[in-house]
Amino acid sequence: MGVVFGDIGTSPLYTLNVAVKSASPDGHVMPEAVIGIVSLIFWSLIIVISIKYAILIMRADNHGEGGILALLALASPQRAKSDKWRAAFIVVGLIGATLLYGDGTITPAISVLSAIEGLKIYAPQLNHVVVPLTVLILSGLFIIQRKGTSWIGGFFGPIMLVWFIICGVLGIEGILANPGILAALSPLPAITYLSHAGSLAFVVIGGAFLAVTGGEAFYADMGHFGPLPIRVAWFAVALPTLTLNYFGQGALLLLDPTSPQVIDSPFYALAPSWALYPLIILATVATVIASQSIISGAYSMTQQAISLGFLPRMKVVHTEGREIGQVYLPFVNWALAAGTLVATIGFGSSDALAGAFGIAVSLLMVITTLMATVVALHWRFPPYIVYTVNIALLALDTLFFASTASKLLDGGWYPLLIAVVISFLMLTWRKGEQIMDVVRLEIREQIDTFLENLRKNPPVRVPGTAVVLGRLSKGIPLALSHSVKCSHVLQENLVLVAVSTTEVPRTPDEGRVVVQPIAEGITRVELRFGFMEEPNVPRELDAAMKRGVLAPFDLSAAVYYTGHETIVPTGLRAGLPRWRETIFAFMHHNAQRPGAYFKIPGRQVMEVGVEFDI
């Protein structure tokens, strides 16, 4: 309830009042506008969330995993360089993935701000403390991230179910006060209102779209919980209670359309005065949970992007937790914190942030529909069904995007700017690594040449095992050949390890290790990890020895050779201009060292410096 539905579950705090204010620029709320907007919100939940995500999109899984990067992996990104069409598909998917980072900076800000703004209803003199209090709460949330998602979820999680129940109860009270709002159960009021709203229709649709933000969490978190629990929780709990609350807010607006308190916050106006402050506290906790879900999603997506080769290695802390994917990335945490606090202070209110919020999510939904269409055709679903369903969904997604794009200058540029910057960095890193792989292969000694040199100029052989890490499974890793040339010393047993990431979330044990004897005392081992897995080299070597596929040696006494690569941008290589090479070199310099990333004990690591001109 918290991880998957936290974002969409707190949308009633701000969605209806944003949409109604958009429909009433003169401050006069018309009954047909209220019924039409509530109908629009309800049918958006049915079509976009229930049909598109809960029923259709969640079928497009990558071995049980969901999310935009799972769709991207289905397109075989590691082979995209030989196919221009597929390469373009990868670029579009990357842009979709980076939109989640833009969303991740806005969601915590708008959610917590909208909860704290309830103070203004009965205590307008406290208006000046809303932003400082929000900054304080968000700062605390990012500070405690290092304790892990499981700890945070165990502390706050049970409150989320209480939140949904209270939302439903408040909605029932509003509906009983004015049952006329039930006319919004039909789509006709929405169609009629929008057809007569003129230029306001686009703005209203953009406001109503806020009700379905968070739908991507259904798909992204499918690998953690499975599709059945998510669907059951949505149709049995979240959808009914959200529907009741939106209808209750609409009923209250019909009863008292001139009250500033009702127009500013119909959610809080549903509650009796004695319950306002407890409700603000509950709403604040609920929005913290909503914020936590998007922050955890950013951690998980970054880990996947690193594994798939779209970002440099970063420090990944696997926190204590029972669920898969419990990770904490310090750099991502503090980057999100900075972006969120800038949005909170810069925009200053949930109304101002509403314009910045919808555009990134709506564009992400368009990209998800496009990618799911391609995957469905690839899986040989009947084309006429795929095109019929997805064109209809794409038309609705495009309408939402067009409506939210009307607020581009009102704040929508902020998450898009974040997405553009991260997309640029991802593409620069990916292209730079492709260039580096070519350079590495050019410089590497071939196996036959290396063995011939050992025969002609035999080094001093010492007891023990050298485990040599390299990106590629061809030739001799530079760390080994440089070490032999400089020291003229070589261990009796050599294990050449190449680590690769597959396009599935988790690699089965039988396909994880490929062992190839090269010569007496020299073995090549290819370790294959899924993009959701932790690449732990010593652990997998130990498992391979226990299964008998790798000749045993003493892991605790082995020396691990890794390359310490220094990149010098010269502009001599085709593929990247020199200024982008400089950015790539900076990213490479600040990437986590291979020994730490692959979980190798520091006392056993021998780094060999290698300089590359590109």
Side-chain angles (χ1 to χ4, degrees), residues 3 6-8 10-11 13-14 18 67-69 94-116 130-131 134-145 149 152 209-210 213-217 220 287-303 305 311 314 328-365 367 404-405 407-426:
V3 173
D7 189 357
I8 199 170
T10 53
S11 296
L13 284 166
Y14 47 81
V18 169
I68 193 76
L69 281 181
L94 275 182
I95 293 172
T98 57
L99 286 168
L100 283 176
Y101 290 104
D103 182 28
T105 61
I106 301 296
T107 295
I110 191 173
S111 299
V112 178
L113 264 176
S114 61
I116 303 299
V130 169
V131 172
T134 301
V135 168
L136 183 64
I137 292 171
L138 289 173
S139 300
L141 174 63
F142 284 105
I143 288 172
I144 64 173
Q145 288 300 311
T149 305
I152 297 169
F209 175 74
L210 299 178
T213 57
E216 280 289 327
T287 54
V288 167
I289 298 171
S291 303
Q292 178 60 49
S293 65
I294 196 72
I295 294 170
S296 301
Y299 297 155
S300 178
M301 189 177 70
T302 303
Q303 182 190 23
L311 283 174
M314 300 181 194
Y328 166 65
L329 284 79
F331 177 80
V332 176
N333 181 66
W334 297 117
L336 279 179
T340 299
L341 295 180
V342 166
T344 302
I345 298 170
F347 289 92
S349 70
S350 59
D351 287 348
L353 274 168
F357 190 33
I359 188 168
V361 183
S362 59
L363 181 55
L364 175 58
M365 288 185 173
I367 292 173
T404 54
K407 297 184 178 180
L408 179 64
L409 299 179
D410 295 329
W413 58 268
Y414 184 70
L416 291 184
L417 177 63
I418 293 173
V420 167
V421 170
I422 298 176
S423 297
F424 169 77
L425 294 176
M426 281 186 169

Asker: Which value, rounded to the nearest 0.5 Å, describes the distance between Ile110 atom CD1 and Thr213 atom OG1?
Answerer: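 So the gap between those two atoms works out to 7.5 Å.
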Asker: Find out whether Leu341 and Phe142 are in side-chain contact, i.e. whether some heavy atom of one side chain is under 4.5 Å from a heavy atom of the other.
Answerer: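 Leu341 vs Phe142: side chains apart.
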Asker: Which atoms form the tightest heavy-atom contact between Phe347 and Gly411, and what is the distance?
Answerer: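 Closest approach of Phe347 to Gly411, heavy atoms only: CE2-CA, 3.6 Å.
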Asker: Mind checking the CG-CG spacing from Leu364 to Leu100? Nearest 0.5 Å is all I need.
Answerer: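 Nearest 0.5 Å value for the CG-CG distance: 5.0 Å.
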Asker: What distance separates Ser423 OG from Ile418 CD1, expressed to the nearest 0.5 Å?
Answerer: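 The CD1 atom of Ile418 is 11.5 Å from OG of Ser423, to the nearest 0.5 Å.
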Asker: Looking only at heavy atoms, what is the nearest atom pair of Ile95 and Thr98, with distance?
Answerer: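 It is O-OG1, 2.8 Å.
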Asker: Which pair of non-hydrogen atoms, one from Gly104 and one from Thr340, has the smallest distance, and what is that distance?
Answerer: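 Taking every non-hydrogen atom into account, O-OG1, 3.7 Å.
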Asker: Mind listing the closest non-hydrogen atom pair of Ile359 and Ala405 along with its distance?
Answerer: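 Scanning both residues completely, I find the closest heavy atoms to be CD1-CA, 3.8 Å.
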Asker: Less than 4.5 Å apart, side chain to side chain, heavy atoms only: is that true for Ile137 and Ile116?
Answerer: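 They are in contact (side-chain heavy atoms under 4.5 Å apart), so the answer is yes.
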Asker: Looking at every heavy atom in both Ala305 and Met426, which two are closest together, and how far apart are they?
Answerer: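 Closest approach of Ala305 to Met426: CB-CE, 3.9 Å.
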Asker: Check whether any side-chain heavy atom of Leu99 lies under 4.5 Å from a side-chain heavy atom of Leu416, and answer yes or no.
Answerer: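 Yes. Closest side-chain heavy atoms under 4.5 Å.
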Asker: What are the two closest non-hydrogen atoms of Ser291 and Pro108, and how far apart are they?
Answerer: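 Shortest heavy-atom separation between Ser291 and Pro108 comes out as OG-CA, 3.1 Å.
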Asker: Counting only heavy atoms not in Phe331 (residues, nucleotides, ligands), do more than 12 fall under 6.0 Å from its CZ?
Answerer: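 No, CZ of Phe331 has 12 or fewer neighbouring heavy atoms, counting only those of other groups under 6.0 Å.
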Asker: Is there a donor in the side chain of Thr404 and an acceptor in the side chain of Ser362, or the other way round, less than 3.5 Å apart?
Answerer: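 A donor-acceptor contact under 3.5 Å links the two side chains.
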Asker: Using side-chain contact (heavy atoms from CB on, under 4.5 Å), reason through Tyr14 and Leu113 one step at a time and then give a plain yes or no.
Answerer: CA-CA 10 Å; Tyr14 47 81; Leu113 264 176; over 6 Å; no
Asker: Please report the C-alpha distance between Ile295 and Leu141 in whole Å, then the side-chain angles of each, then the deciding distance to 0.1 Å, and finally whether the side-chain contact (heavy atoms from CB on, under 4.5 Å) criterion is met.
Answerer: CA-CA 10 Å; Ile295 294 170; Leu141 174 63; 3.8 Å; yes
Asker: Got Tyr414 and Leu353 here, is their nearest side-chain heavy-atom distance under 4.5 Å?
Answerer: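 No, their side chains stay 4.5 Å or more apart.
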Asker: Quick one: pull up CG in Leu138 and OG1 in Thr344 and give me the separation to the nearest 0.5 Å.
Answerer: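 Between Leu138 CG and Thr344 OG1, I get 5.0 Å after rounding to 0.5 Å.
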Asker: Measure the CG-CD1 distance between Leu336 and Ile294 for me, rounded to the nearest 0.5 Å.
Answerer: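 If we round to the nearest 0.5 Å, Leu336:CG and Ile294:CD1 are 9.0 Å apart.
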